[in-house]
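Quantities reported herein were computed from a predicted structural model and do not represent experimental measurements.
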Amino acid sequence: MMAGYDDLDRETLIRLLQRRDAERQLGLVWERDEIEADQALNEDYVALDLDPTLSHGAAPWENLIIEGDNFDALRALRLSHKGAIRCIYIDPPYNTGNRDFVYNDRFVDKTHRFRHSLWLEFMYRRLVLAKELLADDGVIFVSIDDNELFRLGMLMDRVFGSANKLACFAWQTDGNFDNQAKIKIAHEYVLAYSKDAELFPMPPIVDPNIPETSKLFRAEIRNTIVKNGPKNPVSEILLPAGFPAAFDEGVIEARNDSRWPQIDSRIVVSNGILQSPVVVRSGWANKGMCQEFIANRFESILDTKGQETRFELTATGAIENVKNRSPSHVVSILRNMGNTQADSTMLADAGVQFTYPKPVKLIQYLVSILDDDSAIFLDFFAGSGTTGHAVTKLNAEDGGTRKFILVSSTEATEDQPDKNLCRDVCAQRVRKVMGGYTSAKGEAVAGLGGGFAYLRARRVPKHRLTQKLDHPEIWSALQLLHSRPISPWPGEGFAVEGDDTDDMFAYLANAYPASVTRLNTWLQARGTRPAVIYSWTPERYRIAGSPHDWRPIPQHLRERFGR
């Protein structure tokens, strides 16, 4: 840093320090000038090259899996998806120092002087792009653990604004079973931010007859909790009929024994709501236990000895088999959300090797908070593809048409130059989830349906677009730009996308007579109905008074791509 000040005189240095002191604010600072520059940062255009052989299902494809550096992929998506993503979930490297964070093709270990600054700069650049992609009423969820939680929180405040913080979820994990650890860590976090918290929709209410102002839908229920005398205090709460449960159908029997909480009458749930009033009590004024019972919607509760009691349902619809739906009430403590060991075993059974995947149940719960069954979901740290699995599973359960975009790098390093996480793990996992597979035990596992396009991010210098940009890459970009599913380039000089409607577009790839003849035939048939037509030399074909919108290639793509 000092080298940058060597040529400044005393008065200039004083003015610089005075201005810095005047502008100083509470916030996050990291050594941006001292650290090694991120090699992913560049001004090149990013093309998306479709590989049909690695795609899954029949074209056209609504879902995308993109192989490449996520900084490149986010810039490519900005061309077509700016402000269109309703939900982003990412599970970035936790920067533990244990070979989990790759920067410029090398792992960052605990001894690196600027370990945290490298991570912050890496995350900052990508979060700024993610914010551009996010819809105004969208939400971003970021998983993290204790290593970077506090720095990430301040970074999210800086990018999205502290007023747009929705929650810091704590979810119960399998825990740290290292006998050398002084404290067993059994939780991680998920930070949730909206682009505009005022526009982020509230979760839906199950019973429309209960007003939104009801205490039932507040984070805490205080006024209904009373104490039964100073000597033997008891917290008591009345659950009225209509209160939403965590399961669709079932019965929890009354109990009045040594366990807490005590339930004075059986709990009967039908269509996801409590059918008759119930009083629940907890000893020694344990208001928190009553609130936990409410927050979990009767699923489970810790007794006074710290042992978890999972209620058994006497009717059909056990909790683990219920139809997943958007939660009617969101709480910040996430329990019973699966575990990494079980999901690792599931992946291994499908022939996919990946350690510490996020549980499908956790991601499914988070994305279901957004009550939109046709939204686009983005994960640009896709890892093993859990987000794609969760979105596909939700669609299979409720008939939704949600779409996902997964971005994963190869994670190739100097030590493992041939590694390809995106191709061999992420895409392979989603392919098996959608298409089905035979387990390691020889059992057939049915697929959930769906498909995806497999794309590779490729950098092209902006001044070389006319020579280096391929027609299939242009075709993919135009389809995404017009919010169309991806299909392969037909391989001809002229192609039209869409049916015979006013929002279709065409691409004239060359000036060969056969291509121009097809263009003229199509224009004649279209008549006065306007269309968008892309061409390398539109001025040669544009006719005065024509209703069509002629757009130049590659200039139009370069302008839309931006900086």
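One finds no salt bridge joining Glu62 and Arg402 here, because no Lys/Arg side-chain nitrogen approaches an Asp/Glu carboxylate oxygen to under 4.0 Å. Remark: Asp44 does not engage Lys468 in a salt bridge, criterion side-chain N to carboxylate O under 4.0 Å. Of the charged side-chain nitrogens involved, none lies within less than 4.0 Å of a carboxylate oxygen, so that Asp109 and Arg99 do not count as a salt-bridged pair. We find that Arg456 and Asp49 are not joined by a salt bridge, their nearest charged nitrogen and carboxylate oxygen being 4.0 Å or further apart.
Side-chain contact, Ser194 with Asn164: no donor N or O sits under 3.5 Å from an acceptor N or O. Residues Glu397 and Gln364 have side chains that bring a donor and an acceptor to within less than 3.5 angstrom of each other. For the residue pair Tyr94 / Glu148, no side-chain donor-acceptor distance below 3.5 Å is found, with atom types taken as modelled. Side-chain polar atoms of Asp343 and Thr345 form no donor-acceptor pair below 3.5 angstrom.
Between Phe505 and Trp475, the ring-plane angle classifies as tilted under the 30° and 60° cut-offs.
A donor-acceptor contact shorter than 3.5 Å links the side chain of Asn63 to the backbone of Gly451. Side-chain atoms of Asn70 never come within 3.5 Å of backbone atoms of Ala73 as a donor-acceptor pair (strictly under, hydrogens ignored). Of the possible polar contacts, one joining the Ser439 side chain to the Glu443 backbone as a donor-acceptor pair under 3.5 Å is found.
Looking at Ile90 and Ile88, their side chains come closer than 4.5 Å, going by heavy atoms from C-beta outward. Residues His81 and Leu481 are not in side-chain contact: their nearest non-hydrogen atoms beyond the backbone lie 4.5 Å or more apart. Within the 4.5 Å cutoff, the side chain of Trp536 has heavy atoms near those of the Ile474 side chain. Residues Gln428 and Arg423 are not in side-chain contact: their nearest non-hydrogen atoms beyond the backbone lie 4.5 Å or more apart. Counting only heavy atoms from C-beta outward, the side chains of Ile144 and Glu188 never approach each other to under 4.5 Å. The shortest distance between side-chain heavy atoms of Val102 and Pro93 does not fall below 4.5 Å. In this structure the side chain of Ser409 never reaches within 4.5 angstrom of the side chain of Cys422, judged on heavy atoms.
Between Arg558 and Lys462, the shortest heavy-atom contact is NH1-O, 3.2 Å. Between Pro488 and Leu50, the closest heavy-atom pair is CA-CD2, 3.7 Å.
Evaluation of the side chain to side chain contact (heavy atoms under 4.5 Å, CB included) rule for Pro472 yields Asp470, Trp489 as partners, not counting sequence neighbours. For Ala47, the side chain to side chain contact (heavy atoms under 4.5 Å, CB included) partners are Tyr45, Val460, Leu469, Glu473, not counting sequence neighbours.
Sorted by first and then second residue, the side-chain hydrogen bond (donor to acceptor under 3.5 Å, both in side chains) pairs with a member in residues 133-146 read Arg86-Asp137, Tyr89-Ser143, Asp145-Asn147, Asp146-Tyr189; sequence neighbours excluded.
Just one of Asp379, Thr386, Thr173, Asp91 meets the side-chain hydrogen bond (donor to acceptor under 3.5 Å, both in side chains) condition when paired with Lys358; it is Asp91.
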So Ile405 and Phe380, side-chain contact (heavy atoms from CB on, under 4.5 Å) or not? Walk me through it. CA-CA 8 Å; Ile405 302 174; Phe380 55 92; over 6 Å; no

Taking it one step at a time, do Leu480 and Leu48 satisfy side-chain contact (heavy atoms from CB on, under 4.5 Å)? CA-CA 10 Å; Leu480 293 176; Leu48 296 178; 3.8 Å; yes

List the steps, then state whether salt bridge (charged side-chain N to carboxylate O under 4.0 Å, His left out) holds for Arg126 with Asp69. CA-CA 10 Å; Arg126 287 151 179 81; Asp69 188 284; 3.2 Å; yes

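Phe169 has its ring centre no less than 6.0 Å from the ring centre of His187. Taking the six-membered ring where the residue is Trp, the centroids of Phe101 and Phe122 are separated by under 6.0 Å.
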